[in-house]
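One structure below.
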Amino acid sequence: MDTLCCVVERITFQNEDSGFFILKCKAKGYRELVSVVGTMPTITVGSVLSLQGFWKTDATFGPQFTVQSYEETLPSSAYGIERYLGSGLIKGIGPSLAKQIVSIFGTDTLTILEHDIGKLLLVRGIGKIRIRQIERSWLEQKEIKNIMLFLQDHGVGTNCAMLIFRAYGKDSLAVVKGNPYRLANDIVGIGFKTADTIAEKLGVAKDAPIRLQSGLLYTLRALADDGHCYATQKQLYERAARILETPTEALDPILGTMAEEEDVIIENEEIYLPYLYHCEVGVAKRIQQLLKAESKHQINLSSVLKHLEHPKAGSIIYDAIQLDAIKTAVASKCMVLTGGPGTGKTTTTRGIIEAFRLSKSDVLCAAPTGRAAKRMTEATGMEAKTIHRLLEFKPPLGYQRNSSNPLEGDVLILDECSMIDIALMYNLLKAIPNGMRLIMVGDTDQLPSVGAGNVLSDIIASEMVPVVKLTRIFRQALDSRIVMNAHRINQGKAIDRSNCKDSDFFHLEKQKPEEALEKILDLVSTRLPSYYHVDPIRDIQVLTPMQRGVVGTINLNLMLQQRLNPSTNEAPKPSIQRSGIEYRLHDKVMQIKNDYDKEVFNGDIGTVTEVNTEDQELTITYDGRLVLYEKSDLSAVVLAYATTIHKSQGSEYPIVVLPFMMTHFVMLQRNLLYTAVTRAKKALVLIGEQKAISYAIRNQKQLERNTQLAERLGMPETKT
């Protein structure tokens with residue numbers, strides 16, 4: 001094998017789950033930057049690497065060095081030290097300040113930081129306050145120095161070491177040596193594969209019980225990420241055996257021990273993670289209790305209906321099904337209102353609110369996400385909160401509203417219920433007191449929740465809760481081809497592709513992804529903003545089925561960022577780079593993981609409104625609220641000029657541009673296309689192959705989620 005000594009200049013691509021990287025490195029003996037590819041733990045810009053591997057020539061990208069093994073060390077050259085300090089590792093030192101420091105102290109820089117930090121006062125722009133900030137950060141680095149070197153010896157990079165130190169502090173080495181698999185359980189950003197790599201280098205045998213147990217738990221969590229509340233034994237063993245490279249028979253005694261120790265719960269043939277078992281059982285039990293409870297606020301139904309059935313001039317006139325929904329809501333302890341676009345769900349919801357207001361009931365409104373809650377507020381005129389805010393979630397204490405401190409009110413109206421997973425529903429139901437009415441509103445034809453469960457569909461399927469489905473498309477909605485095509489998709493019919501001038505739905509046939517990409521860039525940057533007089537960043541959203549590929553989110557975001565928010569040598573924009581993403585001032589970004597400390601959640605879209613390159617910090621504004629991010633926090637933030645259809649659930653955008661190609665084959669399903677189309681409010685442009693659209697409309701196959709909620713709701717008494 002060849003050896004390559006280099007410094008990481010740029011991270012072109014990084015997958016933190018798999019550890020796969022594409023790097024641009026300054027290498028000894030090479031004038032141009034070298035492309036490096038391979039699987040490594042987290043690497044930062046400025047990392048000094050000694051790589052072992054081989055050269056190959058990629059047909060598209062040219063010569064690349066493929067890594068087989070590597071070593072990472074602290075830099076010793078002035079250039080390496082500058083890149084190392086400017087990577088964001090040391091709080092208070094950014095790229096420009098790192099350059100100034102190294103220009104004065106050269107290769108003695110690290111020694112100055114270690115033994116004579118006061119000399120930094122010689123650097124312009126550094127005062128006593130910043131020195132204290134740098135000193136604190138450097139002392140922290142000293143504490144993790146041994147941890148970092150140990151972990152690097154065991155295949156882990158700087159960022160990963162930082163995560164471990166933040167979690168365990170001075171106990172980090174003891175935890176890692178005692179049970180490296182704890183890392184996967186305890187730390188967001190470290191998965192089983194990373195923990196397994198460390199364990200292997202520590203000498204943990206492949207058939208060690210601790211490894212097999214961790215692999216089974218990892219597999220159950222992966223199945224939960226796919227939406228399953230439980231796994232069958234066959235499903236669990238087959239998947240875990242592939243991951244662990246272990247025969248399935250070796251897993252039997254391990255699973256038995258895990259059941260005895262209550263690491264899993266086995267009911268009949270179903271294998272649950274304990275929290276999912278208790279959530280599923282708890283949801284069924286609470287709904288049964290709500291259905292049996294006496295309403296604490298009695299309503300004069302005839303008086304309310306008289307007002308609604310004989311409205312005053314100028315008031316809303318409801319049709320028979322809408323009136324039936326309002327009657328059912330007022331008369332029921334718990335009910336579901338469902339229906340597609342244009343069928344009057346919003347109007348009916350307003351009618352339900354009006355009915356309860358007439359009866360002097362105290363009404364609460366909530367939705368799963370901030371964007372969905374904002375839409376509900378605008379549509380109903382009542383303040384709607386996110387479920388987390390309604391339940392007063394406070395990390396690390398959890399939900400402050402619960403069975404001991406329930407919600408106060410007579411009625412809770414819950415929108416976008418198809419998005420609610422089993423865990424969130426359980427925490428919500430625990431906070432609903434007996435006697436409070438629950439009205440659930442949603443569209444079961446949309447994509448199911450991202451988290452485990454199929455809550456709304458299961459509640460409807462149980463036939464234990466009253467359900468009203470709105471089916472009539474109202475006259476004003478009949479003029480919208482977005483609405484009409486959404487219903488055609490749902491019915492398995494071909495869409496109307498007549499691109500008339502005054503339409504709100506357009507289909508542009510493109511056979512090749514490269515052609516679709518060029519059309520998207522032109523539409524978003526020029527044609528649509530000009531025609532509709534809108535802001536292309538704020539008002540236009542590109543939705544796509546996948547992350548990979550020419551018209552996947554990763555490539556689309558890079559291309560759209562350069563078109564809509566360019567940074568050039570002549571007019572550079574302040575930015576921070578992490579994991580191959582450049583975050584620029586004014587970028588449109590999305591949070592992709594719930595962060596309860598910052599109170600930002602998966603799917604929230606914001607704008608970068610401040611970039612502090614010295615401290616390597618960003619300020620992102622979400623609906624007027626400013627949130628500060630350190631560089632290490634940015635693993636949970638992505639560019640959002642384009643996003644996946646799954647991430648768009650609960651949102652609505654003025655204009656949607658939707659690429660739909662056969663290259664998305666594995667994702668092409670009816671409910672995916674339906675969900676995407678129903679996200680557009682003012683206009684939708686569908687770009688791609690008719691073949692892909694037709695295939696998706698025909699394809700109703702969905703991953704069957706393993707749930708027992710419908711069956712539990714139908715049981716005479718749900719087990720506790």
Side-chain angles (χ1 to χ4, degrees), residues 316-319 321-322 325 337-351 371-372 374-381 415-416 418 441-447 469-509 523-524 527-536 538-544 645 648-660 670-688 690 693-694 696-697:
I316 297 172
I317 299 174
Y318 303 100
D319 73 1
I321 298 179
Q322 290 178 313
L337 173 66
T338 185
T343 58
K345 279 203 309 296
T346 299
T347 300
T348 306
T349 302
R350 286 203 298 260
R371 295 178 73 84
K374 185 177 179 182
R375 281 180 59 200
M376 190 181 189
T377 298
E378 292 167 351
T380 64
D415 201 9
E416 294 288 357
S418 62
V441 183
D443 184 351
T444 55
D445 293 316
Q446 291 185 22
L447 291 168
K469 183 170 185 177
L470 304 176
T471 55
R472 176 193 166 196
I473 303 174
F474 283 84
R475 184 181 303 169
Q476 59 269 34
L478 290 170
D479 295 331
S480 168
R481 288 177 65 244
I482 291 174
V483 171
M484 297 311 296
N485 275 330
H487 284 278
R488 292 181 72 86
I489 290 165
N490 221 9
Q491 294 160 9
K493 297 177 181 177
I495 61 171
D496 176 3
R497 297 194 294 148
S498 55
N499 294 335
C500 52
K501 183 180 178 181
D502 296 327
S503 176
D504 60 0
F505 186 107
F506 303 91
H507 174 231
L508 304 181
E509 180 76 22
L523 284 167
V524 174
R527 291 180 62 189
L528 290 172
S530 174
Y531 185 80
Y532 288 102
H533 306 291
V534 296
D535 182 327
R538 184 190 65 226
D539 299 320
I540 301 175
Q541 184 63 54
V542 179
L543 301 180
T544 184
I645 296 167
S648 73
Q649 288 176 267
S651 299
E652 190 176 68
Y653 314 97
I655 300 172
V656 168
V657 177
L658 174 62
F660 221 71
R670 182 183 295 180
N671 63 352
L672 186 84
L673 180 58
Y674 174 79
T675 299
V677 169
T678 55
R679 299 309 89 200
K681 187 175 182 180
K682 188 173 184 178
L684 181 133
V685 184
L686 180 56
I687 301 174
Q690 176 58 34
I693 297 165
S694 299
I697 291 171

Which residues pass the side chain to side chain contact (heavy atoms under 4.5 Å, CB included) test with [X], sequence neighbours left out?
| X | value |
| --- | --- |
| Arg538 | Asp535 |
| Ser651 | Arg371, Tyr653 |
| Ala379 | Thr346 |
| Tyr531 | Lys501 |

Check: [Y] and [X] side chains under 4.5 Å, non-hydrogen atoms:
| X | Y | result |
| --- | --- | --- |
| Leu684 | Asp504 | no |
| Ile495 | Ile697 | yes |
| Leu523 | Leu508 | yes |
| Asp445 | Thr678 | no |
| Leu528 | Val657 | yes |

Ignoring hydrogens, what is the shortest heavy-atom contact between [X] and [Y]? Give both atom names and the distance.
| X | Y | result |
| --- | --- | --- |
| Gln446 | Ser418 | OE1-OG, 4.2 Å |
| Ala676 | Leu543 | O-CD1, 4.2 Å |
| Tyr532 | Ser503 | OH-O, 4.3 Å |
| Ala696 | Phe660 | CB-CE2, 3.5 Å |
| Val524 | Pro529 | O-CG, 3.1 Å |
| Ile321 | Lys469 | CG2-O, 3.9 Å |

* Polar side-chain atom of Arg488 near backbone of Ala494 as donor-acceptor pair, under 3.5 Å -> yes
* Asp443 vs Tyr674, side chain to side chain donor-acceptor pair (under 3.5 Å): CA-CA, chis, key distance, verdict -> CA-CA 11 Å; Asp443 184 351; Tyr674 174 79; 2.5 Å; yes
* What do the steps show when you test Gln649 against Glu416 for side chain to side chain contact (heavy atoms under 4.5 Å, CB included), and what is the final call? -> CA-CA 9 Å; Gln649 288 176 267; Glu416 294 288 357; over 6 Å; no
Quick one: [atom1] on [X] to [atom2] on [Y], what's the gap to the nearest 0.5 Å?
| X | Y | atom1 | atom2 | value |
| --- | --- | --- | --- | --- |
| Ser648 | Leu447 | OG | CG | 7.5 Å |
| Leu672 | Leu658 | CG | CG | 8.0 Å |
| Glu509 | Leu686 | CD | CG | 9.5 Å |

* Residue list, salt bridge (charged side-chain N to carboxylate O under 4.0 Å, His left out) with Arg670, at least two apart or on another chain -> none
* To do: Applying salt bridge (charged side-chain N to carboxylate O under 4.0 Å, His left out), name anything that partners Lys374, two or more places apart in sequence or on another chain.
  =>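 Testing Lys374 for salt bridge (charged side-chain N to carboxylate O under 4.0 Å, His left out), a comparison that skips the adjacent residues, returns Asp623.
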* Show your reasoning for whether side chain to side chain contact (heavy atoms under 4.5 Å, CB included) applies to Arg679 and Ile645. => CA-CA 9 Å; Arg679 299 309 89 200; Ile645 296 167; 5.8 Å; no
* Can you find a side-chain donor-acceptor pair between Gln322 and Thr348 that sits under 3.5 Å? ->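 Their side chains do contain a donor-acceptor pair, which is all the 3.5 Å distance test asks for.
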Counterpart residues, side-chain hydrogen bond (donor to acceptor under 3.5 Å, both in side chains), relative to [X] (two or more places apart):
| X | result |
| --- | --- |
| His507 | Arg497 |
| Lys681 | none |
| Thr338 | none |
| Asp496 | Arg481, Ser498 |

* **Evaluation steps, side chain to side chain contact (heavy atoms under 4.5 Å, CB included), between Val677 and Ile482** => CA-CA 7 Å; Val677 169; Ile482 291 174; 4.1 Å; yes
* **Stepwise side chain to side chain contact (heavy atoms under 4.5 Å, CB included) check, Thr349 with Asp415** => CA-CA 9 Å; Thr349 302; Asp415 201 9; 5.9 Å; no
